[in-house]
Every structure is written in structure tokens, then in C-alpha cells.
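To find a chain, count down the sequence lines: A is the first, B the second, and so on, and within it residues start at 1. Because only heavy atoms are used, hydrogens play no part in the values below, and waters and symmetry mates are left out as well, while side chains stay in.
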Amino acid sequence: MLITSFLLAVTLHQGADTTLAVRKGQRLEVSVYAGSITVNIWNRDAVRVQADTRRKDHLDISADGSTISVETSGKWGPAGSAAIEITMPAWMAIELSGVETDLTVTGCKCTVHGETVRGDVTVKGGEGNVSMQSVEGSVTVTDVDGRVEAQSVNESVTVERVRGDLAVRTVNGDVSLAAITSGSVEASTVNGDITFDGAIQNGGRYELSTHQGDIAMTMPENANATVSVNTFNGSFESDYPVTLTGKNQRRKFSFTIGNGSARVDLESFGGDIRLARPGSGTARNKGTGEND
Amino acid sequence: MTHHTWTDQLSEYLDGELNATTARALELHLAGCADCRAVADDLRTVSARGRALPELPAGHDLWPGIASRMEAADVVPLRPRAVGGLFMSWPRLAAAGLLLGLASGGAMYAVTHFASRTTAETFPSHQVTVSTARAVADLEMILASEKLDSGTVRVLTVNLARIDSAIADAERALAADPSNVYVSRHLASTARRKVELLHLVAGLTQSRS
Amino acid sequence: MHPLQSGASTLTERRQLPGKHDQETVEVALAQSGDSRAFERLYRAHVNRVHSLVRRMVPDADAEELTQDVFVRAWQKLAGFRGEAAFGTWLHRLAVNLMLEHRAGLGRDRKRWTSDESAIADQPARRATIDEGMDMEDAVRQLPDGMRQIFVLYDVEGYQHDDIGKMLGISTGTSKSQLHRARMALRQLLLR
């Protein structure tokens with residue numbers, strides 16, 4: 001059933017399937033209390049909403065001109081678990097929210113913003129800026145061209161094959177950055193490890209910081225970087241030759257690779273920091289355990 | 001130009017605020033006018049005496065009065081305005097306009113308090129700074145409210161405790177090595193992480209209301 | 001894997017004492033997270049300057065009570081400090097706002113101060129030298145409100161006219177002209 005813009009309330013039941021015509025410039029907001037929101041792309045200027053739920057809840061679809069809203073609600077409080085599948089145009093900006101909701105977005109060439117409390121977040125493919133957050137779940141972003149902001153509190157954050165600025169953080173989890181092409185990377189965690197491999201662009205800025213965890217960075221052979229290493233209780237190991245004068249100064253120093261163009265700051269308060277060559281195969285592994 | 005017109009520009013001239021052309025014209029006038037030179041000298045002296053005025057300390061330590069007013073202040077409960085998203089950059093966090101100083105001080109107390117009630121995990125013992133009783137009460141009310149699932153409350157308080165532990169580590173390190181620039185910066189950035197997490201808590205409760 | 005070795009060096013270790021600004025950044029961040037001890041350290045670092053500012057900007061007010069008001073409000077508003085200016089600058093702006101509120105609350109008739117300005121101009125001048133004249137603090141105290149505020153902010157505290165304009169809600173042109181009038185008035189007072 002194809003519907004043009006209006007205010008509609010549809011009662012959810014198993015197998016509900018509604019398609020709404022949209023026009024360029026409109027954005028989509030989807031809010032599902034529990035369950036999942038899965039977003040895929042097609043080449044039509046329309047939004048298809050497929051809902052699957054075990055309970056009789058409400059699915060409200062409304063349009064106010066610039067925004068299409070899809071929201072689940074229950075008769076007496078939050079809706080029960082619902083699996084909502086959205087198929088929409090690649091150009092459409094989207095905002096997803098939920099509490100006990102997993103969020104998955106694939107192939108969007110738009111701005112993607114999402115937040116959930118207890119669910120996992122996955123963004124695959126596409127272009128445009130991505131900003132995703134979960135409190136208790138993990139966040140994974142892969143194959144995106146665009147600025148990525150990814151945050152969790154209690155789980156890990158994984159970003160792979162992304163081209164664009166990165167701002168990644170968690171509190172209790174690891175940060176894994178792989179095959180990154182970016183001139184600006186900021187990654188931090190409090191209780192977790194950080195791994196990075198990717199291009200080190202001339203003039204770029206790369207800041208990896210953890211309190212209690214290790215850092216492993218793969219530095220390309222042809223990189224030009226000024227590397228600053230800071231640790232209070234940890235150690236530093238390097239595949240690249242690093243020499244010091246005077247007494248052992250293992251905890252705070254800087255050195256230059258190539259012409260020193262990029263700035264790389266590696267900081268772990270209590271963990272070990274490792275700088276590896278590509279192909280060493282150990283960049284993502286914990287260190288050999290050699291300590292001071 | 002009258003003398004009055006020239007003297008009206010003297011302060012800007014002395015402060016380097018005149019454009020080059022006007023300044024040059026004034027300098028030429030001063031070279032030939034003793035009265036205006038006298039006024040310029042006087043104004044220079046007045047400005048210098050102003051700069052030289054010493055600090056005027058209060059007659060006694062004002063901190064006890066300030067501290068008691070901070071304790072007794074009628075704290076607005078943590079009611080954040082809606083923000084665009086939960087991903088909070090530093091400027092946006094600050095722009096939320098929360099009375100976070102008092103509320104987050106309460107969080108430091110509430111973290112250990114809730115930890116003992118809601119989870120079997122044990123936390124490393126460290127000194128906790130207890131802030132105002134009102135802030136503690138406000139934050140306890142929020143964390144204990146129906147607005148957040150008990151599991152989420154537990155996760156948030158556990159992670160606040162992790163950040164507090166990291167802050168305590170950094171404080172001890174800085175006490176042992178006061179000249180350590182890295183530790184100083186790390187302490188500041190870890191304290192900011194706590195503020196960000198408390199803002200996130202506030203945002204979650206607001207969005208659930 | 002290359003272990004760290006001593007020998008000929010291409011390294012430089014940067015070892016710097018944390019600057020005052022760095023340390024203050026730490027204290028502010030701690031205070032924003034609720035650490036009242038950190039806020040007390042900020043108070044002790046800034047109280048004399050704030051008290052001086054209050055004493056000179058509103059000489060007829062209870063400066064100690066107003067100074068307390070400044071710090072209590074700073075604690076309440078601390079979450080709004082974003083670090084774009086120095087903490088001391090932010091604190092002084094807050095203090096100036098508080099003093100302007102205090103002034104407005106007193107309901108003073110500002111026209112009365114304008115007439116005082118002419119009273120200064122009419123005083124018979126006895127030319128000794130400017131350095132032998134009235135005590136500077138007394139002279140500043142006798143300035144009309146607007147002139148005194150700008151003189152204190154510019155010459156005593158070292159703010160620039162655009163900052164003063166933002167603090168007092170006036171244009172930089174007004175700030176400059178008021179400063180000149182303040183200096184000329186002080187010149188008259190100090191020559192008595």
C-alpha cells in the first residue's frame with residue numbers, strides 16, 4: 001500500500017507492511033523501545049516500513065513536511081519487542097533511537113545518527129557522517145566514507161575500512177580501528193585496549209589514549225610522523241629503532257619517523273604501548289609481556 | 001583642530017588605538033604644544049598608577065562562608081534540557097546548562113553507595129569526595145527512579161566508579177610527580193569523561209520522561 | 001623488536017613543568033566533576049583579584065559579601081565554563097555581571113552620577129604634581145560609576161575594550177571615550 005504524506009496511525013501486527021512516498025530533503029526518524037531497527041537502501045523515493053511484533057502495539061507513522069517519523073508505542077506503556085525493517089532511499093538522513101533496541105544501517109549515503117541504551121549498533125557501508133552510540137552495547141562501523149563518531153560506555157567499539165575523521169570512545173571496552181584512512185583520529189577508553197592500523201597522512205593528527213589498557217599501533221613503513229609516547233606505569237616497545245640518551249627514559253618521550261609531518265600521541269596511564277611495522281602480525285595482539 | 005580635539009585623542013594615542021595617520025598628526029602637534037604634552041604625561045602617569053594598584057585582599061578567609069552557602073544552596077534537581085543527541089561533544093555538554101558541579105559531586109558519593117546496594121562487584125577502595133547532601137539526594141532520586149532500568153543503573157554506576165578509580169590513580173600519580181605534564185593532562189581529561197558520562201545519564205533520564 | 005637502547009640520540013625528551021594554565025585546567029575539570037576541594041584551590045588562586053575588583057567597582061557595597069556571591073555563583077555555573085577563555089577571565093565576567101545586578105537592585109539614579117562628574121571638574125585646581133596629590137584609591141573611588149568601572153577594568157585589571165564592551169554591554173567606542181574621561185577626571189582629582 002503506497003501512501004502519500006499525512007498523519008497516520010497504524011496498528012502493528014505481524015506482517016504489517018506500509019510504504020510511504022517521500023521527496024528529496026526529507027529525513028526519517030525511527031524510535032523503537034525494544035527489539036530491532038534494520039535499515040536498508042533501495043533506489044526508490046519511498047520509505048517502506050515492515051513491522052513484526054508479537055504483541056498488539058501501535059506503529060505511528062507521521063509526516064510534518066520535512067520529517068517522517070516512525071514510532072512504536074504500547075497501549076499501556078512502552079511497546080513490546082518489535083522488529084522494524086526500513087527500506088529507504090540512500091539520500092535520506094536518518095535518526096534512530098531505542099532503549100533495548102539493536103540498530104543496523106546498511107548502505108546509507110546520508111547522515112546517520114543513532115542511540116540505544118542496551119542494544120548493539122552496526123553501520124555497514126555508505127557515505128556521509130555517522131554518529132552512533134550505545135550505553136550497554138557494542139558499536140561497529142565498517143566500510144563508510146565520511147566522518148564517524150562512535151561511542152559506547154560498557155562495550156567495545158570497532159571501526160574498519162573507514163575513510164574520514166574518527167572520534168571513538170568508550171569507558172569499559174576496547175577500541176579497534178583497522179584499515180583506516182583518516183587525517184584525524186581520536187580514540188579513547190578508560191578500561192580497555194586500543195589497536196590501530198591504517199594510513200598516517202602527512203599533517204594528520206592521531207590521538208590514542210587509555211587509562212588501564214594497552215595500545216598497539218601499526219605504523220606504515222613510509223609514514224612521516226612525530227610520535228609522542230606517554231605512560232605512567234606501563235612500557236613501550238617498538239619495531240622501529242628508537243634510541244635514548246642518558247638514563248632510561250621509557251615513560252615519556254617523543255621521536256620522529258620520516259619527516260615528522262603527522263602528529264601521533266600514544267598515551268596509556270597503566271598499560272603497554274607498542275608501535276609495530278605492517279605485517280608483523282602482532283599489532284593486534286597483546287605485547288610479549290616484556291616489561292621494564 | 002582645537003586643543004580639546006587633540007587632548008580628546010590622547011588616551012587612544014597612549015594605548016596604541018589610533019590609526020597611523022592620526023597618530024602621526026598628533027605626534028606632530030605634541031612636538032609643538034607644551035600644554036598637550038603635559039596632559040599626555042599626566043594621563044600616562046594616571047594609567048601607570050592604575051596598573052600599579054595592589055590587590056586588595058579580604059580582611060579574613062571567605063571560604064568557610066562560601067562553602068556553607070554551597071552546602072545550603074537550593075540545588076535545582078538534575079533536569080537537563082533536551083539536547084540533539086546522546087553523543088556529546090565537549091562544547092555541547094557544557095551548553096546543556098546543568099548544575100553539574102553539585103550533581104556530579106553527588107555522583108561520586110552515589111557511585112559507592114549504589115555499588116554496595118545494587119551489585120556484588122567490589123570496587124577498589126579509594127577516597128571519595130563527598131559533595132553536597134542535596135546533590136547526592138538529587139542524583140540518587142534520578143538513578144533510583146523508574147526512568148532507568150536497574151541493569152542500566154548498575155552499568156552506569158559501575159562505569160562511573162571506573163572513572164573515579166582512574167581519577168584517583170591520576171591524582172596519586174600527580175601527588176608523587178607534580179611536574180608530570182602528561183599526568184596533569186590525563187587527570188583533566190579523565191575528569192571530563194566523568195562529566196560527559198553524567199551528562200549522558202541526565203540525557204537518558206530526560207528522554208525517558 | 002628493538003629494545004630501547006642508550007647511545008647516540010635522535011630523541012629529545014620534553015620535560016616541562018605544568019604551566020599555571022595547565023594546572024588550572026586540571027583544577028577546573030576536577031571542580032566541574034564535583035570536587036569541592038579543587039574549587040577551593042581555584043578560590044584561593046583568584047579571591048584576592050576578585051575581591052579587589054569588587055572593592056573598586058562598587059566601593060559602597062559590602063565587598064566581602066559580594067565576593068562570596070561571586071564564588072557561590074561560579075560554583076553553580078561551573079558547568080557552563082567551556083574553557084574558551086581563561087578561567088580567571090570567565091570568573092571576572094561573572095563578577096562584573098553580579099555587580100551590575102547589584103547596582104540595578106539598589107535602584108540608584110544614574111543621573112546623579114553625571115552631576116558628580118561636573119563637580120569634579122569645578123574643583124579648584126592646585127597644581128603641585130600629580131604624584132603628590134590625592135591617594136589613587138580615593139581618587140578612583142570618587143569617579144562616577146561608569147567611568148570607574150571602565151578605568152578599573154582597563155587600567156587596573158588589564159582588559160581590552162572589546163572585552164569590556166561585552167562585560168558592560170557597551171560599544172568599544174563608548175568604552176574608549178569613557179576611559180579617557182575617567183583618566184582626565186582622575187588627573188583633576190590627583191592634582192588637588
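Annotation: the span from C:Asp35 atom CG to B:Lys194 atom NZ amounts to 8.5 Å, rounded to 0.5 Å. Taken to the nearest 0.5 Å, the CG atom of B:Leu62 stands 9.0 Å off from the CZ atom of C:Arg44. Taken from CD in C:Glu27 to OG in B:Ser184, the straight-line distance is 8.5 Å, to the nearest 0.5 Å. Here C:Gln32 contributes atom CD and B:Arg192 contributes atom CZ; the two are 8.5 Å apart, rounded to the nearest 0.5 Å.
Contact count against chain C (heavy-atom pairs under 4.5 Å) is highest for B:Asp61 among B:Leu10, B:Ile163, B:Asp61. Chain B forms the most heavy-atom pairs under 4.5 Å with one residue out of C:Asn48, C:Val54, C:Val28, C:Leu53, and that residue is C:Asn48. Among the candidates B:Ala48, B:Ala191, B:Ala58, B:Ala67, the residue making the largest number of heavy-atom pairs closer than 4.5 Å to chain C is B:Ala58.
Under 4.0 Å is where a charged nitrogen must lie from a carboxylate oxygen, and between B:Asp15 and C:Arg183 at least one such pair does. Under a 4.0 Å N-O distance rule, the pair B:Asp41/C:Arg187 does not qualify as a salt bridge.
Within the 4.5 Å cutoff, the side chain of C:Leu179 has no heavy atoms near those of the B:Glu17 side chain. Put simply, the side chain of B:Asp42 does not reach to within 4.5 Å of the side chain of C:Leu190, judged on heavy atoms. In this structure, B:Leu53 and C:Arg56 have side chains that are in contact, with non-hydrogen atoms separated by less than 4.5 Å. Here the side chains of C:Val47 and B:Trp63 are not in contact, with every heavy-atom distance at 4.5 Å or above.
Here the closest heavy-atom approach between residue C:Ser36 and residue B:Met70 is recorded as CB-CE, 4.3 Å. Contact record, B:Leu56 with C:Ser52: N-OG, 2.5 Å, taken as the closest heavy-atom pair. Nearest heavy-atom pair across B:Val46 and C:Met136 is O-CE, 3.6 Å.
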Practice problem: Take B:Leu43 and C:His180, measure what side chain to side chain contact (heavy atoms under 4.5 Å, CB included) needs, and give me the verdict at the end. | Solution: CA-CA 9 Å; B:Leu43 293 185; C:His180 177 68; 3.8 Å; yes

Run the side chain to side chain contact (heavy atoms under 4.5 Å, CB included) test on C:Leu186 and B:Arg49 for me, step by step, so that the C-alpha distance in whole Å, both residues' side-chain angles and the decisive distance to 0.1 Å come before the verdict. CA-CA 10 Å; C:Leu186 285 168; B:Arg49 286 184 68 178; over 6 Å; no

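Contacts of B:His60 with chain C are made by both backbone and side-chain atoms, with heavy-atom separations under 4.5 Å. Only the side chain of B:Glu12 comes within contact range of chain C, judged by heavy atoms closer than 4.5 Å. Both the backbone and the side chain of B:Val39 have a heavy atom closer than 4.5 Å to some heavy atom of chain C.
Heavy-atom proximity under 4.5 angstrom to chain B picks out C:Glu64, C:Glu65, C:Thr67, C:Gln68, C:Asp69 from residues 62-70 of chain C.
Remark: B:Arg24 CZ is loosely packed, at most 12 non-hydrogen atoms of other residues, nucleotides or ligands lying under 6.0 Å away.
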